[in-house]
Amino acid sequence: MTDTAHTPGQALLRLLDPDYVAGAVVREILAQDLTRLHARQLLAQLRRLRAAQSNQLYYAGASAAEALQEFGPAITAVKTELAKRPHLPNKAETRARRQAAAKRR
């Protein structure tokens with residue numbers, strides 16, 4: 001490894017994700033056409049962004065304001081696109097619908 005990590009947290013981050021590059025997740029997600037993604041794919045992208053934001057806070061030593069500045073626009077873009085989509089039921093909602101349908105039979 002030619003570049004050296006600046007903090008022990010960054011070294012740990014590089015061990016967890018050898019391909020880690022600051023800001024790569026944000027650039028990758030903003031480069032996608034979010035309108036063409038399925039709602040589940042958007043939810044997965046939102047999870048990726050939040051995980052990367054968490055890594056930035058806890059391992060790379062960024063402040064909350066820095067992490068919000070870096071990840072805020074991408075998170076907002078994904079959330080805005082998700083708001084345009086119909087609601088996807090979670091496991092509990094799906095189970096409740098199945099049970100209600102079974103009772104009606």
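Computed from a predicted structure; not experimentally measured.
Here the CZ-CZ distance, from Phe71 to Arg48, works out to 10.5 Å after rounding to the nearest 0.5 Å. Once rounded to the nearest 0.5 Å, the distance linking CG of Leu82 with CZ of Arg40 reads 11.5 Å.
Here the shortest heavy-atom pairing between Ala77 and Leu30 reads CB-CD2, 4.2 Å. Between Leu88 and Ala39 the shortest heavy-atom distance is CD1-CB, 3.5 Å. Residue Leu34 comes nearest to Ile29 through the heavy atom pair CD2-O, 3.9 Å, listed as atom of the first residue, atom of the second, then distance. Here the shortest heavy-atom pairing between Gln53 and Ile75 reads OE1-CD1, 3.4 Å. The two residues Thr35 and Arg85 come nearest to each other via the heavy atoms O-NH2, 3.2 Å. The minimum heavy-atom distance linking Arg50 with Lys79 is given by the pair NH2-CE, 3.1 Å.
Under the 4.5 Å side-chain heavy-atom criterion for Ile, Leu, Val, Met, Phe, Trp and Tyr, Leu37 and Val78 are members of the same hydrophobic cluster. One hydrophobic cluster holds both Val26 and Leu46 under the rule that ILVMFWY side chains link at heavy-atom gaps under 4.5 Å.
The pair Arg97-Glu93 does not meet the salt-bridge criterion, since no charged nitrogen lies less than 4.0 angstrom from a carboxylate oxygen.
Judged by distance alone, with hydrogens and angles left aside, the side-chain atoms of Gln41 form a donor-acceptor pair with the main-chain N or O of His38 at under 3.5 Å. Under the 3.5 Å distance criterion, the side-chain polar atoms of Gln99 are left unmatched by any main-chain donor or acceptor of Ala96.
In this structure, Gln32 places its CD atom where more than 12 heavy-atom neighbours from other residues, nucleotides or ligands lie under 6.0 Å away.
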